[in-house]
Structure formats: structure tokens, C-alpha cells
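Just so you know, these numbers use all the heavy atoms, side chains as well, and skip hydrogens, waters and symmetry mates.
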Amino acid sequence: MGSTWSKLLLYPALAAGLLLAPLGAAGGEAAYAAAVTTAATTKTAADIQILVDGEKIVLSAPIIKVNDVGFAPMQDLLDALGTASVYDKDTGKIIIRDSVTTITMEIGSKEAFVNNEELELDEAPMLKNGIPYVGIRFVAEELGAKVEWDADANAIAISIWDGYQDVDGATGEEDDSYYYWYEPEEIADAYDASVVMIMTNAAQGSGTVVGDNLILTNYHVMADATSATAYTTDGDELKIVGVVASDEDADLAIIRTEKSTGLTPVELTSDYYAAKGARIYAIGSPDGFQNTISTGIIGNLLYEAGVSYVQFNAPIGHGSSGGALFNEYGEFIGITTSGVEKTNASINFAVSAYQADELLDSVTKLQIAKAAFLPPSLPDTLVGAPLSKLEELLKDQFGSVQTSDGMAAFTDWKAARDSEGWLNVTAVIDPVFYLYYGFDSENEIRNWSINLGYELHRMLPNERIDLAISFNKEYSFMARGFASGEVTSSGNGKWRVNYKVIDMQIGDDMYITSRF
């Protein structure tokens, strides 16, 4: 992944598994409680059955009808449709997920979200005898199935398609051309030239050609860049003139080259195959090793905060960000973005291709013509600015850093001058993170501190700066083994431990010590 000092990776939240997407305010606890209470008064339809591709499914509880809307036990229905789901008993929230569709709902609420698009339900999901019920037609049709009433069988007939349709998408007949599996060397032959290495003045990453002069990459690869070049497998250097469109939440950016790339674009589409266990191939430039290809499988399909991700185990590294992820049919399925370090599990993530497809579809000719680099997250200078502005900047831009062990937070930023003219900058590290993960994260936090020192010197080149990050925690006992002044009484039988974990002095050169 292309790494810069400001990049915060997504993996800690994602590694927890399938997370519940946020729902609207309507509903909530009151609606949830009401749905649980009133579900007992709904009409059951015990004689009605559900047929999936002609086969009767066994239900753990009878179908319920509310105002002609049929409801089935959620788990029974989704097991029959081969779709994953999560139900949170405490909040009543539901998430249903297949390879391309995510449905989020809430017991008692008529609001639903399908791939982050808000929809209104005819009737709300309900809870009866502790079992969550969902609308049969709504869920099945949103997952791409066909729903009909079979009067002869007195059943709701659901037809699902578990393979590829033909090119016209109309017959339901299998098209053998969709079942051509690419060998690894065929993936490389077909797509290697369509992936480039990107070098900016701030980071190194990868990119995927998606147009005559358009390249798809990660937002964090282009963050704080003021110049950039794309390098092709033929050794050509393509000057990048700026960003055409971006989505910071999805970590995506489409950039424009000054001239035509002369390369074959990769096709972006929302219609591709991605499933747990499926074979995938990643192409990128980890650690500057241009256009390295690796292979693995999809470990999971995840959804968080409106963004869809593919979890995979093909090896990638720093510099792979913005690279391409292909399935074994040669379809582009994701943009390699981030990964979990310090693990033997090889857990990496790609933003799903349909997110990039939506971004590319939104691009206009005017945006292409006006391509420009992203606004910098830090100013060119703070010379003459009040110290309060520096404190606010440090709080906003350096309030946390992502490490392999999680997020380390830094609070209580202060800046003041002493009698010798030094600018003293201080902050406090999260004591819980420091005690549990500080030793393992020392090098990462130390590097973050060095980058912080570099930026402070760049913005305030004539200042002598003393940067101190401290551990500060109160205890109910007087801790022993510390140097004089590091343990002080705070009254009421409490004792405070306070010492520097990062001590840096910056002038024409830099000096740093760390204590973990």
C-alpha cells in the first residue's frame, strides 16, 4: 500500500467481520419494542409454503401476512437463498449481504438501505417469539431473485440464478464463454500493461488504467501530492496533471495523465463474480517492485460505512495501494487498498470494483479538463500564525495514528514558548494503548513522530522546537521504580505517573529518544 504519514488504514474495524451499517433515526428502540409487542397480533398463514427453484424449504416457524405482505423467518429464507446475514438482538438491526448487494434494516422500521440507497418498505421487519421476520418479496427481489405466486401449490415461488447469464442477460441459459478460467500467466499477459506504478512527491503506489488518459488509484496515494508520475511496464513515464474525481470515504481517486497512456483500459463494471473462496490475482508495485503479481483467494466480503470491501489473502505490501484485483475469469473486482500487518493470516483489503465504477460514471468532461491535485491537508507555512492555530492543526491532523496493533490516540495538544525561545509542543498518548501495545508499536509511533517533526520544521523552518509526547495516568497507589518527579501525589490517596515516551528536539537537525 502507498503509505504516507497521514494515512489511517481501515483494517481494525474491518477485521471484526461483517459490521452493521448505520440506519436512519426513524424507528429506534420505541419502534423496535412496538414491533416485538404487536407481532403477536399479526395473521399467520401456516398453509403457505416457500419454493426455491421448485424445492420446498423447511421453515422453523410459519409464514406471517401483514396487509398482504408475506414475512418469513429471516434465517430460513436466507439460508435457502444462500445469503449471509447478521441480526443484532440488542438493537434489532439486520444486515443481509451477498457478493454485490447489502441490505440493512431494523426491526419495527420501514426504512431500509440497499447498497447505501434508502428505500421505504411496505411493512417493517418484525420479531415474533424471538424470531426475526423479513418481507419475502422485498428481500428476495433485492437479491436478484424472481418472486411469483404459485396458486396450484399454494406457495411463494422464488427463482434464483446461481451462475452467469448470457451476454444479453435474457435467456437464463448458461454461456460457456463465462466459464473460461484464466491461468496466472494469462492474467499477467492480459492485464499487466494496464497497471502502472505511481510516484508522487509524497508517496509511492499503484494505479489501474481505466480510460485513454485516466488512471484509478487510492485517495491516500494522491493525498498531499503536488506532483506525480506514472510508470508503465514499457518504461514510459507519464506526467500526471491532477485528480479528476475522488471519494475520500471509499479511498478512491481517478487521475489524469498529460498525454494519452496508449494502454488498454481495464473495464469497470458492477457485474462481476466475487465470492468467498474464489481465486483472485493482485497486480501492483509493493515496495517499488513494479507490477508484481500474486495470487490467493477471497477470504470475506465486507461492508462498512457505505463502502464495500473484498478481503483477500494474496500478498501485497506498501506500494500496492491502487493496484488491481482480478478474479479467475479475468474480471476486475477491486482496488487493493490496505492490509493487516504483524499477522500470519495474510489479511488484505480491496475496495470493491463497483464503487470505482460509480465514481468513473460520475466523471464529466469539465472535471477531466480541470484536473488538479488535492488540496493539502497541511498549510505551506505557519510562520506568524498564533499558537492556537498550531494546536488546532495538531489536534485535527495528528490526533491519532494507525498502527499494526490498532489506533493510537494523542490528546491535550499544547504549544508554548519558554524563556529560551524554544517552541514547546506537548501531547499525551492514550495510556491504555501505551500499556498494552506500546512496546510492539514503538517503531511505528517513532516513525510517526519523525514525520511530525519534519512537518513542523517545514511549516516553521526558523523555530527551535521541543516535541514531547507523554504517558500520563492516575493510580490509587504510589507506583515504584520511577525517576524523581515522575510520580506525584494528586491528593485523596491518588498518585499520578507522568513521563515522556517521545522526546524530540528539532533545529537544523533532529534528535529523538523514545521510551516504550
Side-chain angles (χ1 to χ4, degrees), residues 14-19 21 52-53 74-75 77-86 95-104 114-116 139-146 158-167 169 172-184 186-187 191 266-283 293-304 307-316 323-339 345-358:
L14 292 174
L18 191 62
L19 303 181
V52 176
D53 288 339
M74 180 185 76
Q75 200 61 55
L77 176 63
L78 295 175
D79 283 349
L81 297 177
T83 304
S85 65
V86 172
I95 187 165
I96 300 167
R97 169 88 182 151
D98 69 3
S99 59
V100 296
T101 303
T102 298
I103 304 171
T104 55
V114 178
N115 290 341
N116 215 35
V139 169
E141 289 184 345
E142 291 299 333
L143 292 172
K146 184 178 180 181
I158 302 174
S159 301
I160 61 176
W161 179 255
D162 195 26
Y164 284 106
Q165 292 181 320
D166 68 1
V167 175
E173 297 291 331
E174 294 182 2
D175 181 351
D176 290 341
S177 66
Y178 276 83
Y179 286 90
Y180 181 79
W181 280 273
Y182 280 71
E183 295 295 334
E186 292 178 302
I187 292 287
Y191 299 111
V266 168
E267 181 183 3
L268 293 191
T269 177
S270 298
D271 185 16
Y272 53 85
Y273 179 75
K276 290 178 69 171
R279 173 68 57 184
I280 50 86
Y281 301 91
I283 302 178
I293 186 170
S294 59
T295 186
I297 63 172
I298 295 176
N300 214 340
L301 299 167
L302 308 172
Y303 187 80
E304 180 185 339
V307 182
S308 176
Y309 298 91
V310 179
Q311 177 190 322
F312 63 96
N313 67 356
I316 61 174
L325 193 70
F326 298 97
N327 64 18
E328 58 191 340
Y329 305 108
E331 296 174 312
F332 179 74
I333 67 170
I335 305 90
T336 54
T337 299
S338 59
S346 190
I347 300 174
N348 299 307
F349 300 97
V351 178
S352 296
Y354 81 80
Q355 306 266 175
D357 183 39
E358 291 178 348

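- Between Tyr329 and Trp181, the ring planes lie tilted relative to each other; the angle falls in the 30° to 60° range.
- Shown here for Ala353 and Tyr272, the closest heavy-atom pair between the two residues is N-OH, 3.4 Å.
- One finds the CG atom of Leu325 at 12.5 Å from the CZ atom of Phe349 (value rounded to the nearest 0.5 Å).
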Query - side chain to side chain contact (heavy atoms under 4.5 Å, CB included) evaluation trace for Leu81 with Ile160 - result: CA-CA 7 Å; Leu81 297 177; Ile160 61 176; 3.6 Å; yes
Query raised in the report: Is there a side chain to side chain contact (heavy atoms under 4.5 Å, CB included) between Thr83 and Val139 once you walk through the steps?
Result: CA-CA 11 Å; Thr83 304; Val139 169; over 6 Å; no
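- With sequence neighbours excluded, the residues satisfying side-chain contact (heavy atoms from CB on, under 4.5 Å) with Ala278 are Tyr273, Ile298.
- Of all heavy-atom pairs between Pro184 and Ile293, the closest is O-CD1, 4.0 Å.
- In this structure, Tyr191 contributes its side chain and Val266 its backbone to no donor-acceptor pair below 3.5 Å.
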Report task. Could you go through the side chain to side chain contact (heavy atoms under 4.5 Å, CB included) check for Ile95 and Ile103 one step at a time? Result -> CA-CA 6 Å; Ile95 187 165; Ile103 304 171; over 6 Å; no
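- Side chain of Thr337 to main chain of Ile335: a donor-acceptor pair is present (N/O by atom type, distance under 3.5 Å, no hydrogens or angles).
- For the atom pair Leu143 CG and Thr102 OG1, the distance stands at 9.5 Å (nearest 0.5 Å).
- In this structure, Phe326 CZ and Thr295 OG1 are separated by 12.5 Å, a value rounded to the nearest 0.5 Å.
- Between atom CD1 of residue Ile316 and atom OG1 of residue Thr336 there is a gap of 5.0 Å, rounded to the nearest 0.5 Å.
- Leu78 and Ser85 get closest at one heavy-atom pair: CD1-CB, 3.3 Å.
- Applying the ring-ring contact (aromatic ring centres under 6.0 Å, His included) criterion to Tyr281, with sequence neighbours excluded, gives no partner residue.
- Considering CD1 of Ile297 and CD of Gln311, their distance stands at 10.0 Å, rounded to 0.5 Å.
- The shortest heavy-atom contact between Ala274 and Leu301 is O-CD1, 3.6 Å.
- In this structure, CD1 on Ile96 lies 7.5 Å from CG on Leu77, to the nearest 0.5 angstrom.
- Contact record, Gly296 with Ala314: N-CB, 3.8 Å, taken as the closest heavy-atom pair.
- Ser308 contributes no side-chain N or O that, together with a main-chain N or O of Ser352, makes up a donor-acceptor pair within less than 3.5 Å.
- Closest approach of Asn327 and Ile187 over heavy atoms only: O-CD1, 3.9 Å.
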Report task. Kindly indicate, with the supporting measurements, whether the criterion side chain to side chain contact (heavy atoms under 4.5 Å, CB included) is fulfilled by Ser159 and Asp53. Result -> CA-CA 5 Å; Ser159 301; Asp53 288 339; 4.0 Å; yes
